[in-house]
Amino acid sequence: MQDKYNPEPIELKWQRIWKDKGLFQVKEDPEKEKYYLLEMFPYPSGNIHMGHVRNYTIGDVVARYKRMRGYNVLHPMGWDAFGMPAENAAIANNVHPAKWTYKNIDNMRLQLKRLGFSYDWDRELSTCHRQYYRWEQWLFVKMLEKDMVYRKKSSVNWCKTCQTVLANEQVEGGCCWRCGEVVIQRDLDQWFLRISDFAEDLLAYCDRLPGWPDKVVTMQKNWIGKSVGAEIRFPLKDGDGHIAVFTTRQDTVFGATFMVMAPEHPLVGRLSAGTEQEGQVNAFVERMRHEDKIKRTSDDYEKEGIFVGAYCINPFTGREMPIFTANFALMEYGTGAVMAVPAHDQRDFEFAKKYGLEIIVVIQPEGDLLEAQCMTEAYVEEGVLVQSGQFDGLQNLNALDDIADCLEEKGLGKRTVNFRLRDWGISRQRYWGAPIPVVYCDRCGVVAVPEDDLPVVLPEDAQMLEAGGSPLSSLESFVKTKCPKCGSSDARRETDTMDTFVESSWYFERYCSPRYGKAMFDKEAVKYWMPVDQYIGGVEHAILHLLYSRYFTRVLREFGLVDYKEPFTRLLTQGMVCKETVKCPDHGFLFSDEVITSEAGNACKYCGSQVKIGRIEKMSKSKKNVVDPNALIEKYGADTLRLFCLFAAPPERDLDWSDQGVEGAWRFLNRVWRLITDSLDELRDVRPFDGGKALTGDAKALYRKTHQTIKRVTNDIEARFHFNTAISAVMELINTIHSKKENLLSSPEDLQVMRFAVETAVILLSPIAPHFADELWESFGHNESVLEISWPTYMEEAIKADEILVVVQVNGKVRSKIEVAAGTDGKQIENVALADERIVARLQGRTIKKVIVVKNKLVNIVV
RNA sequence: GCGAGGGUGGCGAAAUUGGCAAACGCACUGGAUUUAGGAUCCAGCGGCUUCGUGCCUUGCGGGUUCAAGUCCCGCCUCUCGCACCA
């Protein structure tokens, strides 16, 4: 036992002991209640960053705590190992993506181990491993058989920089979510998963996720975007046929005066053909197709359109409606055509004004009369229907149903539900991903790779292309294959790989039986462990990853592989780790070691200019406001780093990095260390006080404080995950011990209470600073890890004080404080309060109107 | 524009059902110890103050209540998400 707290040897020592004892390895045990704690697995980019440290520290505290509470805790870790950075690195450094990835994994595994996280490393998995992705290929084939997957040519989001297709979810404000490049549209054959088949169910279950943050649930609901309305068919004026529209406002159908179609709509070309508009329409459509998506979705985007040269008929009014195509109509939503009701839709109103189109008011507000000519904006509120034939006089909201009935009776349309959520395009024109297990044969068409031939292994000898694009398509040995059906040797393999979100949609099930060779997972193991009791990760995955995982769970259920619908019972989305930015006028953002600090202020290391302290932002390499976990571990040890991450803010909030705060965490551990090592000689052979005797004075107070602390810490961890307040509670206990220790090192009972208090502090700290706690625990003569003992329980009896401080208020202001015996009844407290000197003085010459007594808390005298 | 979540000392934050606002920590100030620095220990630390513990103080303005950071109404502001979705 050393006098000075020296974390490195201690941490390495306990990491070895934990490993040798196999403390973190778990298996299914029907006798014990399970607890599956999962943190989002990292992409192996090369190094652990502070966000990981925070995420995994939060998880580790919960895992260790639950374990001490007697649960059989599954706490696995692995690697989301496929993805683009590996290919970029390969091109930049001429290393194979596999080599680069595995090297990063080795490095990051060491870093995680150095932080002392309680993972069952036997369950480690990498999604780039063929024994992993073979099973998602297997599922793909099964889904193909069941028509849950399909191929279609579609206009896709294309990123020129990444040379790949992006899912809608990966386009943020018209730009690539990864590199920020502007996304353009391109037609390609793509594989899609029918996630929209589950839209209704995914939406319905949003309300059955009580353990999820409201924010995330709302984001999911918005993303799915259900709209209830009707499809209405508008017959063309000339010839057969009709235009179908989707609307949520069938109540306004009598006010529909023109039609707007997406430029991509197939009817646009057909209708304008042969009219004098043809040339202009074609030019317009062509221009729109090349317009940047970012421009088409930007705020100040000018609405423009063009008459296609044809008319349709409003089936309710018989009126002719000119047909337009316009840039704001989206082919992907609804039917790609919109009935325009300028009087009651702002966008239609603006369009009508611009092109001089007719405006007909069909909803009149209560007590007002709208005139189409005088309107300056659309009227979108409720009202009474007018100029709407048989529906005149109805409240517009009530008319929604009547008009829908009418549509269906007359065969003009039907009720419909539309979702914003579209099918999930998973094809990626990249190398470093799981190959899509399909073969194209001239004779047989699209053929799935038979189960026995799986996995389709990603070849290792592919050349990365500087220009991007798929290296697989130029690899003849991979592409050329036999047709599994007819045996023709002219067949060609699919060269696209799967979106990496596919791998992360089922890894939590794989963890239950990570080496299982006969299926995606061992059903029994999954039955025992799943669903995940607590999932922890960044809010940036609130839509994509979580929605896909929920969808995959439903797919697995369809195949009878699992029997639950929701994979994650509780979800915690932790805040970002932030730090202030520092900028030099000449050299841009600076790392903190590029800044020279002096009395005069902070200067740039390179030019000596005064630097500007910028705003606090999420840590990122580009802003140079990152701190390196390795350097901190070296200086302070893992326990200090863990302690700071938990103490600085509650998990769901952003954490502002503070070097001085880390220093404070370090000081606290040293203080505890000194406190214990200083009194170790006196306490070593003392049994902790067990409540067997009546106590008095400081001993009693400390004993009470200790039980109070157990209660607070337990409650903070269990109910709220508020580790910051749990840590302050332990700090208070340590302060109390510190202030009383001089008086408590003499009598046997006093020593026992001291020992109890000190041991309890160590146990309560153990999930947070596990190496530190184990070392001190051992110094008390224990020979197991703290992790192996039970979490302490508190005794209400010990927490109760004999004397209680009661606040006495006059007219709601605190005027005095009195001590009364616990359990004194209201009337008695009132009497004591009224007899108090200060209060008597206050009440001179005033009449008491009312006295309110809150037992054990306060008295308020109203005068 | 729509939706969600914030706004409390110099800073990070606390106050679990309405009941002593600012626990705990950081920074700062004074003192002890030290050759010195650091570390440690002790004390102080929202504002005003006629130093009476007197008044004020939880983004702003109203309200309910014996009592409001907490509940209700209106507004300001910041962050995040969505946004021509028909």
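Values reported hereafter were calculated over all heavy atoms of this structure, with side chains retained and with hydrogens, waters and symmetry mates removed. Just so it is clear: chains get the letters A, B, ... in the order the sequence lines come, proteins before strands, and each one is counted from 1. None of the values given here were measured: they were computed from a predicted structure.
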Run A/M321 and A/I323 through side chain to side chain contact (heavy atoms under 4.5 Å, CB included) and show every step you take.
CA-CA 6 Å; A/M321 297 165 64; A/I323 302 167; 5.9 Å; no

Test A/W666 against A/F644 for ring pair (Phe, Tyr, Trp, His ring centres under 6.0 Å), laying out the working first.
CA-CA 8 Å; A/W666 163 250; A/F644 173 73; over 10 Å; no

Walk me through it: do A/R674 and A/Y5 pass the test side chain to side chain contact (heavy atoms under 4.5 Å, CB included)?
CA-CA 8 Å; A/R674 266 195 316 275; A/Y5 171 47; over 6 Å; no

5' to 3', nucleotides 42-51 of chain B under a 4.0 Å protein heavy-atom cut-off (B base, S sugar-phosphate only, - none) gives S---------

Treating primed atoms plus P, OP1 and OP2 as sugar-phosphate and everything else as base, which nucleotides of nucleotides 8-22 of chain B get B, S or - for protein heavy atoms under 4.0 Å?
----BSSSB--BB--

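If you take atom P in B/rG6 and the same atom in B/rC72, they sit 13 Å apart, rounded to whole Å. Comparing the same atom, P, in B/rU16 and in B/rG81 gives a spacing of 30 Å after rounding to whole Å. If you take atom C1' in B/rU50 and the same atom in B/rA13, they sit 35 Å apart, rounded to whole Å. Going from the C1' atom of B/rU65 to that of B/rG69 covers 16 Å, rounded to whole Å. Going from the C1' atom of B/rA32 to that of B/rC20 covers 33 Å, rounded to whole Å. B/rG12 sits 14 Å from B/rA23 when the C1' atoms are compared, rounded to a whole Å. If you take atom C1' in B/rG30 and the same atom in B/rC45, they sit 11 Å apart, rounded to whole Å. With C1' as the reference atom, B/rG59 and B/rG7 are 6 Å apart, rounded to whole Å.
Applying the salt bridge (Lys or Arg N to Asp or Glu O under 4.0 Å) test to A/K215 and every residue at least two apart in sequence or in another chain returns nothing. Partners of A/K353 according to the salt bridge (Lys or Arg N to Asp or Glu O under 4.0 Å) rule, which considers only residues two or more places apart in sequence or in another chain, do not exist here. Among residues two or more places apart in sequence or in another chain, the side-chain contact (heavy atoms from CB on, under 4.5 Å) test is passed with A/V380 by A/A378. With sequence neighbours excluded, no residue satisfies salt bridge (Lys or Arg N to Asp or Glu O under 4.0 Å) with A/K849. A search for salt bridge (Lys or Arg N to Asp or Glu O under 4.0 Å) contacts involving A/E377 returns nothing, not counting sequence neighbours.
Residue pairs that meet the salt bridge (charged side-chain N to carboxylate O under 4.0 Å, His left out) test with at least one member in residues 655-669 of chain A, sequence neighbours left out, do not exist here. Residue pairs meeting the salt bridge (charged side-chain N to carboxylate O under 4.0 Å, His left out) criterion with at least one member in residues 248-258 of chain A, sequence neighbours excluded, are A/R249-A/D251.
Its glycosidic angle being within 90° of 0, B/rG9 falls on the syn side.
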Dot-bracket pairing map - RNA chain B, Watson-Crick plus G-U, both contacts under 3.5 Å, | cross-strand:
(((((((..(((......[....))).(((((.......))))).(((.....)))..(((((..]....))))))))))))....

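Nearest heavy-atom pair across A/F316 and A/I403 is CZ-CG2, 4.3 Å. The two atoms that bring A/M259 and A/V245 nearest to each other are SD-CG1, 3.5 Å, heavy atoms only. When every heavy atom of A/R671 is checked against every heavy atom of A/N735, the shortest pair comes out as NH2-OD1, 2.6 Å.
Heavy atoms of A/N735 sit under 4.0 angstrom from primed sugar atoms or phosphate atoms, though from no base atom.
Rounded to whole angstrom, the span from the NZ atom of A/K618 across to the P atom of B/rG81 amounts to 10 Å. Taking atom CG of residue A/L546 and atom P of nucleotide B/rG81, one finds them 15 Å apart after rounding to whole Å. As a whole-Å value, the separation of A/L646 CG from B/rG25 C1' is 14 Å. The distance between atom CZ of A/F668 and atom P of B/rA39, rounded to the nearest whole Å, is 18 Å. For A/K741 and B/rU40, the NZ to P distance is 13 Å, given to the nearest whole Å. One interatomic measurement links the two molecules: CD of A/E652 to P of B/rG6, which rounds to 9 Å at whole-angstrom precision. If you measure from atom CG of A/N811 to atom P of B/rC55, you get 12 Å, rounded to the nearest angstrom. Across the protein-nucleic acid pair, A/F644 atom CZ and B/rC24 atom C1' stand 14 Å apart, rounded to whole Å.
Aromatic ring pairs are classed by plane angle as parallel below 30°, tilted from 30° to 60° and perpendicular above 60°; the pair A/F246 and A/Y333 is perpendicular.
At least one side-chain nitrogen or oxygen of A/R347 sits closer than 4.0 Å to the OP1 or OP2 atom of B/rC85. Contact between the side-chain N/O atoms of A/K215 and the OP1/OP2 oxygens of B/rG5 is not found at any separation under 4.0 Å.
Judged by the 6.0 Å distance and 45° axis criteria, A/R642 is not positioned over the aromatic ring of A/F772.
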Is there any protein nitrogen or oxygen under 3.5 Å from a nitrogen or oxygen in nucleotides 26-32 of chain B, and what are the pairs?
from   : atom 1 : to     : atom 2 : distance (Å)
B/rC26 : OP1    : A/R667 : NE     : 3.2
B/rC26 : OP1    : A/R667 : NH2    : 2.7
B/rA27 : OP2    : A/R667 : NH2    : 3.1

Which atoms of nucleotides 1-3 of chain B (N or O only) lie under 3.5 Å from a protein N or O atom, and what are those distances?
none

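Of the candidates B/rG25, B/rA86, B/rC85, B/rA86 carries the atom nearest the A/T248 side chain, counting heavy atoms from C-beta on.
A/F258 has its ring centre less than 6.0 Å from the ring centre of A/F351.
For NZ of A/K221, the number of neighbouring non-hydrogen atoms (other residues, nucleotides, ligands) closer than 6.0 Å is greater than 12. Under a cut-off of 6.0 angstrom, the local environment of NZ in A/K354 is crowded, with over 12 non-hydrogen atoms contributed by other residues, nucleotides or ligands.
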